[in-house]
Amino acid sequence: MTCRAKISPSILSADFLNLGRDIESIATADFLHFDVMDGHFVPNLTFGPAIMKQVRACTDLPIDAHLMVSNPDDVIDDYLKAGADYVTFHIEAARDAAEMIERIHAAGKGAGIAISPDTPAEAVEPYLSDLELVLVMTVYPGFGGQSFIEAMLPKIARVREMCDGLGVDPLIAVDGGIGKDTVARAAKAGADTFDAGSSVFGAADRAARIAELKQLAEEA
Ligand code: DX5
Ligand code: ZN
């Protein structure tokens, strides 16, 4: 890829008892990825707006909220108020995606749509011109530390192709199993934003890992 790669560490893999310290350790990243799971849309439960508010107060990084919840229409305002800079909801769960995008924009924030592995790229096509971010899930959402699904590479390429066709350039993010062995392939397929949990927080030197992932993506 030629343009600058963005690394967005997922604090799902952080040490929750030392969250402030772990957030400091990723200060050189481009975004902070905040995974909201509701125990319903996905079989796991994480954190909500109260924790986001505290995270917001301890970092200048833009917060990219990934809402893995069954009722995104009902909760996006809570995350906008708590300090999210990008709010990404799953198209599979949205009641009215267009209305949500409008609401996110009215708050002056970036709108993103995520697609799970079984959802085709075409599901985001009607919204592409209005989005700041498209998130192609490269694992089934719900847990950190899963293996990258190679079969998602053509979907990343398809999203990039649709964007080029429309002349739009939202961030194209990938999430799940992104690390030293996979980031280049995802970049080559067309992604420019890399959500990475275990690869970043599993490294002793997080800044070095962030730099390494960025370089691998940019050289791809
Ligand atoms: C998974 C989450 C991811 C997760 C990625 O459902 O959306 O953001 O933290 O974790 P890794 O990078 O470990 O696959
Ligand atoms: Zn995520």
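Worth saying up front: this structure is predicted, and the values here are computed from it rather than measured. Just so you know, ligand 1 is whichever comes first in the structure, and atom 1 is the first atom listed for that ligand.
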Considering only heavy atoms of His66, which atoms of ligand 1 have at least one such atom less than 4.0 Å away? 7 (O)
Give me the nearest non-hydrogen protein atom to atom 3 (C) of ligand 1 as residue plus atom name, then the distance to 0.1 Å. Asp175 OD1, 2.9 Å
Is the backbone N or O of Leu17 less than 3.5 Å from a side-chain atom of Arg21, with the two atoms forming a donor-acceptor pair by type? no
If you count every heavy atom of other residues, nucleotides or ligands that lies below 6.0 Å from His105 atom NE2, does the total exceed 12? yes
Considering only non-hydrogen protein atoms, determine which one is nearest to atom 12 (O) of ligand 1 and report residue, atom name and distance to 0.1 Å. Gly197 N, 2.7 Å
Considering only non-hydrogen protein atoms, determine which one is nearest to atom 13 (O) of ligand 1 and report residue, atom name and distance to 0.1 Å. Ser198 OG, 2.5 Å
Look only at interatomic distance and state if Gly142 has a nitrogen or oxygen under 3.5 Å from any nitrogen or oxygen of ligand 1. yes
Main-chain N/O of Ala111 paired with Glu132 side-chain donor or acceptor, under 3.5 Å: yes
Closer than 4.0 Å to some heavy atom of Met37 - which atoms of ligand 1 meet that? 6 (O)
Does atom CG of Asp60 have more than 12 heavy-atom neighbours, drawn from other residues, nucleotides or ligands, at distances under 6.0 Å? no
Closest protein heavy atom to atom 14 (O) of ligand 1, given as residue, atom name and distance to 0.1 Å: Gly177 N, 2.8 Å
Below 4.0 angstrom from a heavy atom of Gly176, which ligand 1 atoms are there? Numbered from 1 as shown, please. 14 (O)
As an exercise, identify every atom of ligand 1 less than 4.0 angstrom from a heavy atom of Leu12. 4 (C), 9 (O)
Would you confirm whether Arg103, through its side chain, and Asp77, through its main-chain N or O, come within 3.5 Å as a donor-acceptor pair? no
Provide the number and element of each atom of ligand 1 under 4.0 Å from a heavy atom of Asp35. 2 (C), 3 (C), 4 (C), 7 (O), 8 (O), 9 (O)
Run through the protein N/O/S atoms less than 2.8 Å from the Zn ion (ligand 2) and write them out by chain and number. His33 NE2, Asp35 OD1, His66 ND1, Asp175 OD2
Within ligand 1, which atoms have a heavy atom of Pro141 less than 4.0 Å away? 6 (O)
State whether the side chain of Gln146 and the backbone N or O of Tyr140 hold a donor-acceptor pair below 3.5 Å, judged by distance alone. yes
Just say parallel, tilted or perpendicular for the rings of Phe16 and Phe47, cut-offs at 30° and 60°. perpendicular
Determine whether a donor-acceptor pair (N or O, by modelled atom type, separation under 3.5 Å) exists between the side chain of Lys155 and the backbone of Pro117. yes
For His33, the ligand 1 atoms with a heavy-atom partner under 4.0 Å come out as 8 (O)
re atom 1 (C) of ligand 1, the protein heavy-atom contact at minimum distance is Phe143 O, 3.5 Å
Is it the case that atom CD in Glu150 sees more than 12 heavy atoms from other parts of the structure closer than 6.0 Å? yes
Checking Asp38 side chain against Ser70 main chain: does a donor-acceptor pair fall under 3.5 Å? yes
Sub-4.5 Å side-chain heavy-atom contact between Arg56 and Asp85: yes
Assess the side chains of His33 and Asp175: does a donor N or O sit below 3.5 Å from an acceptor N or O? yes
Distance from atom 9 (O) of ligand 1 to nearest protein heavy atom, with residue and atom: Ser10 OG, 2.8 Å
Top protein contact for atom 11 (P) of ligand 1, by heavy-atom distance: Gly145 N, 3.6 Å
Quick check: does any side chain N or O of Asp22 sit under 3.5 Å from a backbone N or O of Asp15, one acting as donor and the other as acceptor? yes
What is the nearest protein non-hydrogen atom to atom 10 (O) of ligand 1, stated with its residue, atom name and distance? Gly144 CA, 3.5 Å
Quick note on ligand 1: atoms under 4.0 Å from a heavy atom of Met68 include exactly 6 (O), 7 (O)
Less than 4.0 Å is my threshold; does some heavy atom of Ser199 fall inside it relative to ligand 1? no
Checking side-chain contact (heavy atoms from CB on, under 4.5 Å) between Thr88 and each of Leu133, Ile104, Leu171, which is the one that passes? Leu133
Tell me whether Ser116 contacts the main-chain N or O of Asp118 through its side chain, where contact means a donor paired with an acceptor under 3.5 Å. no
When only distance counts, is Ser13 in polar contact with ligand 1, meaning an N/O pair under 3.5 Å? no
